[in-house]
Amino acid sequence: LTENGYHTSIAADAAQARRLMETLAFDLLVLDVMMPGEDGLSLTRSVRDRSDLPVLLLTARGESDDRIAGLEQGADDYLAKPFEPRELLLRVQNLIRRTREETRRADFSFGQCTFNPEKGELRRDGDLVKLTSSELSLLKALVQKPGAPISREALAQQTSAALERSVDVQVTRLRKKIEDDPRTPLLLQTVRGIGYALMVD
């Protein structure tokens with residue numbers, strides 16, 4: 001995956017994976033069913049209860065009952081070992097592309113605002129709100145993970161901000177355009193020790 005341009009993080013078990021997900025925004029999880037401690041099926045169910053993050057399950061068990069069990073827990077795809085690395089790469093590409101297409105098609109609502117990422121349009125009470133290119137990039141990054149905390153580091157990477165402090169500046173400016181009271185934000189919230197989260201309806 002790294003050789004094909006993806007930024008990857010590796011976790012030895014479910015507990016480490018949970019810690020990573022608290023600080024970084026991921027586009028996809030690839031989980032082994034037979035992990036030490038909490039297994040991949042349990043982690044998949046937990047992720048699905050609070051997120052639409054795509055999950056691809058890997059397992060040495062290729063029986064249909066095991067595949068069905070994985071899908072029932074909310075997995076988006078299932079690949080039995082042994083597998084060709086190229087097939088894993090193609091499945092990852094397809095899942096990420098499908099998720100991004102669904103995100104682009106959707107209108108997001110928060111407070112008195114609606115946002116269409118594909119058109120790059122933010123409206124408040126039906127009126128078009130002018131956004132700078134930096135504010136637009138920030139808003140697009142936030143709606144990729146609605147309601148989930150995204151680290152300042154990840155936002156800086158996704159918005160091409162030179163510094164994490166630049167993200168803070170853009171957040172302050174964006175709050176003035178979407179919040180009733182920017183000093184006590186309800187929509188674009190600070191998640192202490194992590195970053196920011198956009199509370200989408």
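The basis for the numbers below is simple: all heavy atoms, side chains too, and nothing from hydrogens, waters or symmetry mates.
When all heavy atoms are compared, the tightest approach of Leu155 to Ala141 is CD2-CB, 3.8 Å. When all heavy atoms of Leu56 and Leu28 are compared, the closest pair comes out as N-CD1, 4.5 Å. Residue Met199 comes nearest to Ala197 through the heavy atom pair CE-CB, 3.4 Å, listed as atom of the first residue, atom of the second, then distance. Among all heavy-atom pairs drawn from Leu41 and Gly70, the shortest one is CD2-CA, 3.5 Å. Heavy atoms only, all atoms of each residue included: Thr59 and Asp32 are closest at CA-OD1, 4.2 Å. Here the closest heavy-atom approach between residue Ala154 and residue Ile150 is recorded as CB-CG2, 3.9 Å.
A distance-only check finds no donor-acceptor pair linking the side chain of Arg45 to the backbone of Gly74 [under 3.5 Å]. Glu38 places no side-chain N or O within donor-acceptor distance of the main-chain N or O of Asp13, the cut-off being under 3.5 Å. Formation of a donor-acceptor pair under 3.5 Å by the Ser137 side chain with backbone atoms of Ser133 is found in this model. A donor-acceptor pair under 3.5 Å links the side-chain atoms of Gln189 to the main chain of Leu186, judged by distance alone. Of the possible polar contacts, one joining the Ser151 side chain to the Thr23 backbone as a donor-acceptor pair under 3.5 Å is found. Checking side-chain atoms of Glu87 against main-chain N and O of Phe83 turns up no donor-acceptor pair under 3.5 Å. Checking side-chain atoms of Asp27 against main-chain N and O of Ile96 turns up no donor-acceptor pair under 3.5 Å. Using modelled atom types, one side-chain atom of Asn94 and one backbone atom of Leu90 make a donor-acceptor pair closer than 3.5 Å. No donor-acceptor distance shorter than 3.5 angstrom exists from the side chain of Asp125 to the backbone of Asp127, with no hydrogens or angles considered. Here the side chain of Gln170 pairs no donor or acceptor atom with the backbone of Val167 at under 3.5 angstrom.
The closest side-chain heavy-atom distance from Arg175 to Leu187 is not below 4.5 Å. No side-chain heavy atom of Pro146 sits under 4.5 Å from any side-chain heavy atom of Leu198. Between Glu135 and Val171, every side-chain heavy-atom pair lies at or beyond the 4.5 Å cut-off. In this structure, Asp39 and Met34 have side chains that are not in contact, with every pair of non-hydrogen atoms separated by 4.5 Å or more. Side-chain contact between Leu174 and Leu138: present, with at least one pair of heavy atoms (C-beta onward) separated by less than 4.5 Å. Using a 4.5 Å heavy-atom threshold, the side chains of Leu122 and Ile178 count as touching. You'll find the side chain of Asp77 stays beyond 4.5 Å of the side chain of Leu57, heavy atoms only. Between Pro149 and Tyr196 there is no side-chain heavy-atom pair separated by less than 4.5 Å.
The line from CZ of Phe115 to CG of Leu131 is 7.0 Å long, rounded to the nearest 0.5 Å.
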Would you sort out whether Arg173 and Asp168 count as a salt bridge (charged side-chain N to carboxylate O under 4.0 Å, His left out), showing the intermediate values? CA-CA 9 Å; Arg173 292 176 177 169; Asp168 298 334; over 6 Å; no
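A salt bridge links Arg124 to Asp180: one of the charged nitrogens lies within less than 4.0 Å of a carboxylate oxygen.
The environment of Leu128 atom CG is dense: over 12 non-hydrogen atoms of other residues, nucleotides or ligands sit within 6.0 angstrom.
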